[in-house]
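Right, one structure below, let's go through it.
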Amino acid sequence: MRRIRSITLTVVAVAACAVGCTTAPGTAPWPPPATGPVTITILSGTDTSISPGSLPLHGATGMYSELVDWWNTYEEPLTGIRVRIDAIDGGATMEHSEMLAAAQAGDASYDIYNLDNEWVSEFAAGGYIRSLQGRLPEGGFLRQPLASGRDASGRLYAAPFTTDVGLLYYRSDLVPDASALGAFWQVLQKAQQVQGDHPAMTVGYAGQFAEYEGLTVNLLEIIHGGAPGAMGPDGAIRNPAAVAAVLQKLVDELGGPIPGSEVSSYTELQSYQAFAGGHAVFMRNWPIYYNLLTAPQSESSSTARNFGVAPLPFPSVLGGQDLATSTSSAHPAEALQVIKFLTSPQAERCLFAVGGFPATRSSAYAANSQLPTGYQVAGQPAVTGHPLCGSTTGRQLHIGREILQGIAGSVPRPVTPYYTEFSTLVQDQVWPLLRTASQGGNTNVGGAVNALATDIQAALSGHAAPLSRYVTVR
C-alpha cells in the first residue's frame with residue numbers, strides 16, 4: 001500500500017506545481033546563515049559501506065557515520081554546525097516512501113535528503129529541494145555522476161555523493177579475455193560455448209531479472225546496448241520496433257545462457273551466490289561484490305577464485321546517491337556547508353578507498369594507499385593532522401580503472417519526475433512476459449512493447465493509467 005500511496009501523491013504534487021509554479025521550483029531566496037549553533041539532520045537510507053576506518057577516532061561504523069563523527073569532532077567547534085543522520089531501514093521502496101512523505105508534509109526537521117539519483121527530478125519538480133545551481137562548485141566531479149543531480153532542464157539540484165556502475169565479472173580460467181566481447185549478445189554466445197564444454201556451469205549469465213528495480217536497470221542496459229536511441233532521455237519508447245527486436249532476442253535466450261529460474265528469483269544477491277559458488281560463467285553486478293568475492297573464504301567454499309572484472313560491453317545504467325537541501329529546512333546555508341564536505345575530494349576518497357562506494361570524483365581513484373588527514377571549511381582555519389577515515393585502504397582499489405571506464409560509458413536512468421511510475425510499468429508489464437517465455441509459453445513481444453510505449457507516454461505526461469492495473473498488493 002505504501003507503493004500505491006507514494007505514486008499517487010507524486011503525480012498530484014507534480015501536477016499541482018505544473019499549474020501553479022511560475023518560476024523554477026526550489027529557486028526562492030535563501031535565508032541568511034544562523035547566528036548561533038545549529039544541528040543539520042540528514043535523512044538517508046542504510047549505510048552499506050563495507051569497511052570502517054581505523055581506531056582510535058572511529059569504531060566499527062559505516063563510512064557515513066565516520067565522516068559525520070569527524071565533522072562533529074573537528075569542524076563543529078569551528079562552525080557551530082552539528083550533524084546527525086536519521087537512517088531509514090527497509091530498502092529503496094521504503095526510503096523513497098518515507099522521504100517523499102516527509103518532503104510533502106514540509107517536515108522542517110530534515111535539512112538534507114540523501115536521494116537515490118533517479119528521485120532527484122521528482123523532488124525537484126515537487127519543489128521539495130533547493131536548486132544548487134551556482135552554489136556548488138562543479139570542478140573535479142565526474143561528468144556522469146554530476147549530471148545525475150540535474151533535472152530535465154539541466155538545473156543542478158543535488159550534489160553527487162556516491163555513484164555506482166555495473167561491471168562484468170567472469171571466470172578468467174574459462175574466458176581468458178572478456179574485454180574482447182563487444183556486446184550483450186556476444187557475452188551470451190560465449191557463455192553458451194563455455195557451458196557446452198563445462199556442464200557444471202549451469203548459469204551462463206547471472207543478471208538481475210526478478211520483479212524489482214534491478215529488472216528495470218538490466219533491461220535498460222540491454223536496450224541501450226542493442227538499440228541505441230530507441231528510448232528517449234525521459235524513458236519514452238521512441239522506436240517500439242527496435243525495442244521489441246531486442247526483447248525478442250532476450251526472450252529467445254531464456255532457458256539457455258539465462259536460466260528460467262533467473263526470471264523469477266535473481267537479484268544482486270542471487271547472482272553473486274551463483275557466481276561465487278562456481279556455477280556461473282558471467283555475472284553482471286555492482287563493484288561492491290568484488291570485495292565479497294575476494295574476501296577470505298572457508299576451505300569448504302566452492303567460490304570461483306579465478307575471476308576477472310571488466311566494464312560491461314554495453315552501457316551501464318548509473319546508480320548512486322545525491323545530497324539535496326530540503327526547501328523546508330530553516331538552515332540551507334549550513335546544510336550546503338555539510339554537503340560540500342561530504343562530497344569533497346577528501347570525503348570521496350574515504351567513501352571509495354575505505355568504504356567501498358564508487359566515488360563521484362576522479363581523484364578518489366588513486367591507486368596508492370594515501371588517505372586524507374584534514375579539511376578546510378571556507379572562512380575557517382584548516383583542520384590538519386587528523387585522519388578522516390583511518391589509514392587502511394580496501395581491495396576495491398584494484399578495480400578503480402574498470403569502475404572509471406564503466407562510468408565513462410554509462411547512461412543515466414530516465415530523467416523524469418515520474419520515474420517511479422516508469423519503473424513500475426516496466427516491471428509489471430515486462431516481467432510477466434519474461435516469466436511466461438521462460439516457462440515455454442507463447443508471448444507477443446511486439447504487442448507488449450506497443451502497449452508499454454503507450455502507457456509510458458501517458459505516465460510521463462502525468463496521465464498514468466489506474467494503478468490497480470499494474471500493482472498487485474501482496
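Not measured: the values here are computed from a predicted model.
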Distance-only donor-acceptor check, side chains [X] and [Y], under 3.5 Å:
X: Ser461; Y: Gln457; answer: no
X: Trp71; Y: Glu76; answer: no
X: Ser363; Y: Glu348; answer: no
X: Asp455; Y: Gln429; answer: yes
X: Ser148; Y: Asp322; answer: yes
X: Asn285; Y: Tyr272; answer: no
X: Thr39; Y: Arg82; answer: no
X: Gln144; Y: Thr163; answer: no

Report the residues that fulfil side-chain contact (heavy atoms from CB on, under 4.5 Å) with [X], sequence neighbours left out, ordered by chain and then residue number.
X: Ser362; value: Leu142
X: Val430; value: Leu219, Val426, Leu434, Leu452
X: Ser326; value: Tyr113, Ser328, Ser329

Between the side chain of [X] and the main-chain N/O of [Y], is any donor-acceptor distance below 3.5 Å?
X: Gln270; Y: Thr267; result: yes
X: Trp70; Y: His386; result: yes
X: Glu268; Y: Arg284; result: no
X: Asp111; Y: Thr41; result: yes

Name every donor-acceptor pair, under 3.5 Å, that has one atom in a side chain of residues 24-36 and the other anywhere in the protein, sequence neighbours excluded.
unit_1, atom_1, unit_2, atom_2, d
Thr27, OG1, Ala24, O, 2.5

Gap between atom CG of Leu156 and atom CZ of Arg130 - 0.5 Å precision:
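Arg130 CZ to Leu156 CG: 14.5 Å, rounded to 0.5 Å.
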Using the side-chain contact (heavy atoms from CB on, under 4.5 Å) definition, which of the options Leu220, Val165, Val411, Ile223 pairs with Pro315?
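Answer to the side-chain contact (heavy atoms from CB on, under 4.5 Å) test with Pro315 among Leu220, Val165, Val411, Ile223: Val411.
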Quick one: which of Ile288, Leu293, Thr294 gives a side-chain contact (heavy atoms from CB on, under 4.5 Å) with Tyr290?
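Exactly one option meets the side-chain contact (heavy atoms from CB on, under 4.5 Å) with Tyr290, and it is Thr294.
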Suppose we screen for salt bridge (charged side-chain N to carboxylate O under 4.0 Å, His left out). Which residues come up paired with Glu118, at least two apart in sequence or across chains?
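Residues passing salt bridge (charged side-chain N to carboxylate O under 4.0 Å, His left out) with Glu118: Arg413.
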Residues forming a salt bridge (charged side-chain N to carboxylate O under 4.0 Å, His left out) with Arg155, sequence neighbours excluded
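Salt bridge (charged side-chain N to carboxylate O under 4.0 Å, His left out) check on Arg155 returns nothing, list empty.
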Taking all non-hydrogen atoms of both residues, which atom of Asp164 and which atom of Pro358 are closest, and how far apart?
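Closest pair (atom of Asp164, atom of Pro358, distance): OD1-CG, 3.6 Å.
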If you look at every heavy atom in Val338 and Ile81, which pair is closest and at what distance?
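Of all heavy-atom pairs spanning Val338 and Ile81, the closest is CG2-CG2, 4.0 Å.
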Is there a side-chain contact between Thr325 and Leu132 in this structure, where contact means two heavy atoms from C-beta onward sitting under 4.5 Å apart?
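In short, these two side chains touch, coming nearer than 4.5 Å.
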Who pairs with [X] by side chain to side chain donor-acceptor pair (under 3.5 Å), at least two apart in sequence or on another chain?
X: Asn291; answer: Gln396
X: Ser316; answer: Glu221
X: Asp234; answer: none

Going by atom type alone, with no hydrogens or angles, which donor-acceptor pairs under 3.5 Å involve a side-chain atom of residues 366-382 and a protein atom two or more places apart or on another chain?
unit_1, atom_1, unit_2, atom_2, d
Asn368, OD1, Arg349, NH2, 3.3
Asn368, OD1, Gln370, N, 3.0
Gln376, NE2, Gln380, O, 2.9

Could you check, using the six-membered ring where one of them is a Trp, whether Phe357 and Phe352 have ring centers closer than 6.0 angstrom?
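Aromatic pair excluded; centres sit 6.0 Å or further apart.
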What pairs meet the ring pair (Phe, Tyr, Trp, His ring centres under 6.0 Å) rule with one or both residues in residues 148-170, with sequence neighbours excluded?
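Every ring pair (Phe, Tyr, Trp, His ring centres under 6.0 Å) pair that includes a residue of residues 148-170, provided the two are not neighbours, is Tyr64-Phe161.
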Tell me whether the rings of Tyr128 and Phe123 are parallel (<30°), tilted (30 to 60°) or perpendicular (>60°).
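Aromatic pair Tyr128/Phe123 classed perpendicular.
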Please list all pairs passing the salt bridge (charged side-chain N to carboxylate O under 4.0 Å, His left out) test where one or both residues lie in residues 136-152, with sequence neighbours left out.
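Checked against salt bridge (charged side-chain N to carboxylate O under 4.0 Å, His left out) - neighbours excluded - the pairs reaching residues 136-152 are Glu138-Arg150.
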